[in-house]
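Values reported hereafter were calculated over all heavy atoms of this structure, with side chains retained and with hydrogens, waters and symmetry mates removed. Proteins come first, then strands; the chains are lettered A, B, ... in the order of their sequence lines, and each starts at number 1.
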Protein chains: 2
Amino acid sequence: MGKAYNIMAATCPSRTVLHRIGARWTVFIVNALDNRPMRFTELKAHIRGITPKALTETLRAMEYDGLISRTEIPAHPPHVEYALTDLGRSLLTPLRAVREWAESHVPDIERARAQADARR
Amino acid sequence: MGKAYNIMAATCPSRTVLHRIGARWTVFIVNALDNRPMRFTELKAHIRGITPKALTETLRAMEYDGLISRTEIPAHPPHVEYALTDLGRSLLTPLRAVREWAESHVPDIERARAQADARR
DNA sequence: AGATACTGGTATAGAATTTATACCTTCCGG
DNA sequence: CCGGAAGGTATAAATTCTATACCAGTATCT
């Protein structure tokens, strides 16, 4: 059997999937939950610059898509734990690679930008 | 020497790099140019649903960042060829993995969404 | 009892980005 | 001089993201 889904087709369901995993903050959350579950405020502190609204919306969307689980823990004080599901963990490999690419190619990009600026 | 750049820091330059490679249409263009260079209209036809404005802006940004090259070919009729640079090709591995994840996990996501809908 | 702090969020408005749609210019063949 | 292809621009509307402030529940401090 051949390829069932193709990103390049405008109406392919894989488009909505890609749109979600490519959303502004998804890559941060997946990478943050790499080692262990985290609480809302932990995530907010770890992913610097994210607003609580953006964090809430991204977490809700990822939970809806089955990428993370949300568990209310009735301890004192009560808190909420977010963790990757098996599906979410399978996304870790590609998204960690994206993160690592970004972190390791900063000098190349900066050099290219400087050269482009110099040419004009 | 340890890690020089960290995505999680709000002001880290890797943030702007990630912002670019995570931009709406970058993953499509990188995957489209996987096998061979393409012309503007070819890309537009291949990546269904992209508008010419979005395509122009994404190509210009990627050229600025040194990910693709733009070559005007003075043949008859004259046309323009976009190709991945070495740097752009290095992005192919992670972004192809993202594409493949999206294409292969559609059923998992749809199942999760249906379950979430059923629960309410 | 009242003030204060922590957790996990909401609300609202403004700014930035994306999309839709239409149009333009150069080059050429007929 | 008409039409078509290539490679785009222009403009406005829709959508998404960001900044900033606020809120409710529980617990502890005074």
Side-chain angles (χ1 to χ4, degrees), chain A residues 7-12 15-29 32-33 36-65 68-83 120, chain B residues 7-12 15-29 32-33 36-65 68-83 120:
Chain A
I7 276 299
M8 301 298 176
T11 58
C12 182
R15 274 281 174 97
T16 77
V17 171
L18 185 60
H19 196 238
R20 280 294 173 77
I21 71 182
R24 186 82 179 82
W25 295 104
T26 303
V27 61
F28 292 90
I29 292 177
L33 297 179
R36 58 180 180 85
M38 279 197 190
R39 298 191 248 164
F40 187 89
T41 37
E42 270 184 303
L43 283 168
K44 192 155 79 66
H46 196 77
I47 306 169
R48 312 250 283 214
I50 194 170
T51 64
K53 184 166 184 285
L55 183 54
T56 301
E57 284 172 359
T58 310
L59 289 170
R60 295 276 190 276
M62 291 177 70
E63 190 193 1
Y64 180 68
D65 287 354
I68 59 172
S69 62
R70 178 184 184 280
T71 312
E72 294 182 18
I73 296 189
H76 297 291
H79 57 263
V80 179
E81 218 170 68
Y82 292 97
R120 37 158 303 117
Chain B
I7 276 299
M8 301 299 176
T11 58
C12 182
R15 275 281 174 97
T16 77
V17 171
L18 185 61
H19 196 237
R20 280 294 172 75
I21 71 182
R24 186 80 180 82
W25 295 104
T26 303
V27 61
F28 292 91
I29 292 176
L33 297 178
R36 59 180 179 85
M38 280 197 189
R39 297 190 248 165
F40 187 89
T41 37
E42 270 184 303
L43 282 168
K44 194 155 80 67
H46 195 77
I47 305 169
R48 313 253 281 216
I50 195 171
T51 63
K53 184 167 185 286
L55 184 53
T56 300
E57 284 172 1
T58 311
L59 289 171
R60 293 277 190 276
M62 291 176 69
E63 190 194 1
Y64 180 67
D65 286 354
I68 58 171
S69 62
R70 177 184 185 280
T71 312
E72 294 182 20
I73 298 189
H76 298 290
H79 57 265
V80 178
E81 216 169 69
Y82 292 97
R120 33 159 301 118

Between A:His79 and A:His19, the residue closer to the 5' end of DNA chain C by nearest nucleotide is A:His79
Among residues at least two apart in sequence or on other chains, which ones pass side chain to side chain contact (heavy atoms under 4.5 Å, CB included) with B:Ala83? B:Pro37, B:Ser69
What pairs with A:Val17 under side chain to side chain contact (heavy atoms under 4.5 Å, CB included), at least two apart in sequence or on another chain? B:Trp101, B:Ala102, B:Val106, B:Ile109
Near DNA chain C, under 4.0 Å by heavy atom, which residues of residues 37-47 of chain A? A:Arg39, A:Phe40, A:Thr41
Mind checking which nucleotides bracket the chain B contacts on DNA chain D, 5' to 3', with an atom under 4.0 Å from a heavy atom? D:dA6 to D:dT11
Who are the salt bridge (charged side-chain N to carboxylate O under 4.0 Å, His left out) partners of B:Arg15, not counting sequence neighbours? none
Name all residues meeting the salt bridge (charged side-chain N to carboxylate O under 4.0 Å, His left out) criterion together with B:Glu57; count only those two or more places apart in sequence or in a different chain, and write none if there are none. B:Lys53
5' priority, DNA chain D, between A:Gly49 and A:Ala75 [closest heavy atom]: A:Gly49
Residue whose nearest DNA chain D nucleotide is more 5′ - A:Lys53 or B:Val80: B:Val80
B:Glu81 side, atom CD; B:Arg39 side, atom CZ - distance, nearest 0.5 Å: 8.0 Å
Candidate pair B:Leu55 and B:Trp25, rule side chain to side chain contact (heavy atoms under 4.5 Å, CB included), full reasoning: CA-CA 8 Å; B:Leu55 184 53; B:Trp25 295 104; over 6 Å; no
Starting at atom CD of A:Glu81, determine the distance to atom P of C:dT7, rounded to an integer number of angstrom. 14 Å
Measure from CZ on B:Arg24 to C1' on C:dT19 and round the result to the nearest Å. 10 Å
Side-chain N,O (A:Arg70) to OP1/OP2 (C:dG9) below 4.0 Å: yes
For C:dT17 and B:Trp25 - does any side-chain N or O of the residue sit under 4.0 Å from the phosphate oxygens OP1/OP2? no
Taking only residues at least two apart or on different chains, which pairs with a member in residues 41-51 of chain B satisfy side chain to side chain donor-acceptor pair (under 3.5 Å)? B:Arg36-B:Glu42
I would like to know whether A:Leu43 and A:Phe28 meet side chain to side chain contact (heavy atoms under 4.5 Å, CB included); could you show each step before the answer? CA-CA 9 Å; A:Leu43 283 168; A:Phe28 292 90; over 6 Å; no
Side-chain atoms of residues 58-65 of chain B: list all donor-acceptor pairs with protein atoms under 3.5 Å, sequence neighbours left out, distances to 0.1 Å.
from    : atom 1 : to       : atom 2 : distance (Å)
B:Thr58 : OG1    : B:Ala54  : O      : 2.7
B:Tyr64 : OH     : A:Asp117 : OD1    : 3.0
B:Tyr64 : OH     : A:Asp117 : OD2    : 3.1
B:Asp65 : OD1    : A:Arg113 : NE     : 2.7
B:Asp65 : OD1    : A:Arg113 : NH2    : 3.3
B:Asp65 : OD1    : B:Arg20  : NH1    : 3.0
B:Asp65 : OD2    : A:Arg113 : NH2    : 3.3
B:Asp65 : OD2    : B:Arg20  : NH1    : 2.9

Does A:Thr56 use its side chain to pair, donor to acceptor, with the backbone of A:Pro52 at less than 3.5 Å? yes
Those residues at least two apart in sequence (or on a different chain) that pass side chain to side chain donor-acceptor pair (under 3.5 Å) with B:Arg70 are B:Glu72, B:Tyr82
Of all of residues 56-63 of chain B, which get a heavy atom below 4.0 angstrom from DNA chain D, listed by number? B:Thr56, B:Arg60
For A:Pro77, which contact category applies under a 4.0 Å heavy-atom criterion: base, sugar-phosphate, or nothing? nothing
